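These numbers were taken from a predicted model, which means no experiment stands behind them. When a residue number appears, it is its place in the shown sequence, counting from 1.
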Amino acid sequence: MTRGQFHKMHGLGNDFVIIDARGPELSESLTMSLAKASAIANRHSGIGCDQLIILRPSNKADVRMQIYNADGGEVEACGNATRCVVKLLGDGTSIETEGGLLSGQVTDEGAIVDMGQPRFEWDAIPLSYAMDTLHMPVGWEDLQDPAAVNVGNPHAIFFLEDSDAVELDRLGPMIEVDPLFPERVNVNVAHIKDGDIYLRVWERGVGLTRACGTGACATAVAAIKRGLVQSPVKVHLPGGTLTLSWQQGGAIMMQGPTTYVFSGETDWSDFE
């Protein structure tokens with residue numbers, strides 16, 4: 001048996017099962033497959049979450065964070081999960097991810113995290129062929145002129161008059177798997193009001209989500225680059241609000257709340 005504790009946390013309703021597998025017993029025995037991660041994330045027969053987070057030993061940072069979406073696929077970065085891990089482990093925690101090294105500080109409401117520098121090169125997104133990533137000459141129905149930003153994972157951002165009017169549950173999955181995006185893509189639709197950003201996100205491997213930290217980062221950066229807003233900027237998502245700061249050539253700083261929901265213990269072999 002592989003028994004172990006887990007933590008249930010969320011950031012703005014984007015929820016996580018967090019397993020601390022840094023101890024020698026779990027670190028060696030807790031292996032993860034697409035089917036197993038998906039079974040744990042299942043809200044009917046598993047524990048239930050948008051993302052499964054596994055914390056492992058790291059030679060580069062305090063902890064290495066593995067991130068699995070609800071469909072079981074492993075992804076490179078998750079901003080809301082990063083805040084939750086910093087809140088869980090404490091001030092100054094450094095985190096190794098597939099998307100780069102991250103760090104953060106605990107605040108009264110949650111955490112502020114350094115999400116690293118965004119990438120704009122077409123092959124860093126990645127896209128299937130070269131093009132301008134600030135104003136991409138592509139579109140899907142009424143969604144036109146997106147920007148593309150990699151913030152550890154790939155995002156396409158559409159700025160509209162009214163992002164709430166978009167059928168994101170229909171267009172999101174279509175754009176996510178378009179051949180233009182060889183690693184699939186997160187789809188963000190946003191509008192600007194009184195200097196703030198209002199955002200909805202279709203997250204690859206998850207679907208519509210109440211909040212996406214990396215989506216907020218990517219959208220804020222694209223809006224700042226286009227001259228639509230100034231830093232710092234508030235990003236309002238269905239689950240709540242994040243504050244993003246970024247200057248050209250620098251790292252993205254993201255501040256927002258976290259919530260500890262409960263802890264539990266289970267036998268991970270039950271999810272094989």
Say you draw a straight line from [atom1] of [X] to [atom2] of [Y]; how long is it, rounded to the nearest 0.5 Å?
X      : Y      : atom1 : atom2 : answer
Leu171 : Glu141 : CG    : CD    : 5.0 Å
His191 : Glu161 : NE2   : CD    : 9.5 Å
Met254 : Ile112 : CE    : CD1   : 9.5 Å
Glu74  : Gln66  : CD    : CD    : 5.0 Å
Glu265 : Gln5   : CD    : CD    : 7.0 Å
Phe271 : Ser45  : CZ    : OG    : 8.0 Å

Are side-chain N/O atoms of [X] and [Y] paired as donor and acceptor at under 3.5 Å?
X      : Y      : value
Ser263 : His7   : no
Asp178 : Trp140 : yes
Ser94  : Asp62  : yes

Donor-acceptor pair, side chain of [X] and main chain of [Y], under 3.5 angstrom:
X      : Y      : value
Asn150 : Ile125 : yes
Asp123 : Pro126 : no
Asp20  : Arg22  : yes
Thr259 : Val261 : no
Asn186 : Pro154 : yes
Thr97  : Gly99  : yes
Asn69  : Arg204 : yes
Asp15  : Asp50  : yes
Ser128 : Pro179 : yes
Arg83  : Gly110 : no

Heavy-atom side-chain contact between [X] and [Y] under 4.5 Å:
X      : Y      : answer
Leu242 : Leu237 : yes
Val17  : Lys8   : yes
Val113 : Leu102 : no
Phe158 : Ile175 : yes
His236 : Ile197 : no
Ile95  : Val86  : yes
Trp268 : Ile19  : yes
Thr258 : Tyr260 : no

Grouping I, L, V, M, F, W and Y whenever their side-chain heavy atoms are under 4.5 Å apart, do [X] and [Y] come out in a common cluster?
X      : Y      : answer
Val229 : Met115 : yes
Ile54  : Val85  : no
Phe16  : Val106 : yes
Leu208 : Val235 : no
Tyr68  : Phe6   : yes

Using side-chain contact (heavy atoms from CB on, under 4.5 Å), reason through Arg200 and Val166 one step at a time and then give a plain yes or no.
CA-CA 9 Å; Arg200 297 166 61 218; Val166 175; 4.1 Å; yes
Where do [X] and [Y] come nearest, in terms of heavy atoms and distance?
X      : Y      : result
Gly72  : Ala37  : CA-CB, 4.0 Å
Leu199 : Ala190 : CD1-CB, 4.0 Å
Gly250 : Gln117 : O-CG, 3.4 Å
Cys78  : Thr82  : O-OG1, 2.7 Å
Val151 : Ala77  : O-CB, 4.0 Å
Met131 : Pro137 : SD-CD, 3.8 Å

Tell me whether Asp164 at atom CG has more than 12 heavy atoms from other residues, nucleotides or ligands lying less than 6.0 Å away.
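Yes.
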Is it the case that more than 12 heavy atoms not belonging to Gln230 sit under 6.0 Å from its CD atom?
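Incorrect, the count does not exceed 12.
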Glu203 and Arg210 ion-paired at < 4.0 Å:
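Salt bridge between Glu203 and Arg210, a charged N being under 4.0 Å from a carboxylate O: no.
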If the threshold is 4.0 Å, N to carboxylate O, is there a salt bridge linking Lys87 and Asp108?
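Looking at Asp108 together with Lys87, the answer is no, because their closest N to O distance does not fall below 4.0 Å.
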For Arg119, which residues count as a salt bridge (Lys or Arg N to Asp or Glu O under 4.0 Å) partner, sequence neighbours excluded?
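Applying salt bridge (Lys or Arg N to Asp or Glu O under 4.0 Å) to Arg119 gives Glu121.
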Can you name the salt bridge (Lys or Arg N to Asp or Glu O under 4.0 Å) partners of Asp145, sequence neighbours left out?
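Once residues adjacent in sequence are excluded, the partners of Asp145 under the salt bridge (Lys or Arg N to Asp or Glu O under 4.0 Å) criterion are Arg226.
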Got a sec, which residues hit side chain to side chain donor-acceptor pair (under 3.5 Å) with Asn153, two or more places apart in sequence or on another chain?
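Only His155, Thr214 meet the side chain to side chain donor-acceptor pair (under 3.5 Å) criterion with Asn153.
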Could you go through Gln105 and Asp114, starting from their C-alpha distance and side-chain angles, then the distance that decides it, and tell me whether this counts as side-chain hydrogen bond (donor to acceptor under 3.5 Å, both in side chains)?
CA-CA 9 Å; Gln105 300 290 327; Asp114 180 339; over 6 Å; no
After noting the C-alpha distance and the side-chain angles of Thr241 and Asp196, does the key distance pass the side-chain contact (heavy atoms from CB on, under 4.5 Å) rule?
CA-CA 10 Å; Thr241 301; Asp196 290 0; over 6 Å; no
Report the residue from Val233, Ile252, Ile157 that forms a side chain to side chain contact (heavy atoms under 4.5 Å, CB included) with Val221.
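By the side chain to side chain contact (heavy atoms under 4.5 Å, CB included) criterion, Val221 pairs with just one of Val233, Ile252, Ile157: Ile252.
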Is there a side-chain contact (heavy atoms from CB on, under 4.5 Å) between Glu96 and Arg56? Walk through the geometry before answering.
CA-CA 9 Å; Glu96 176 191 353; Arg56 297 193 185 273; over 6 Å; no
Start with the C-alpha gap between Trp122 and Asp132, add the side-chain angles, then the distance that decides, and say whether side-chain contact (heavy atoms from CB on, under 4.5 Å) holds.
CA-CA 7 Å; Trp122 71 271; Asp132 177 9; over 6 Å; no
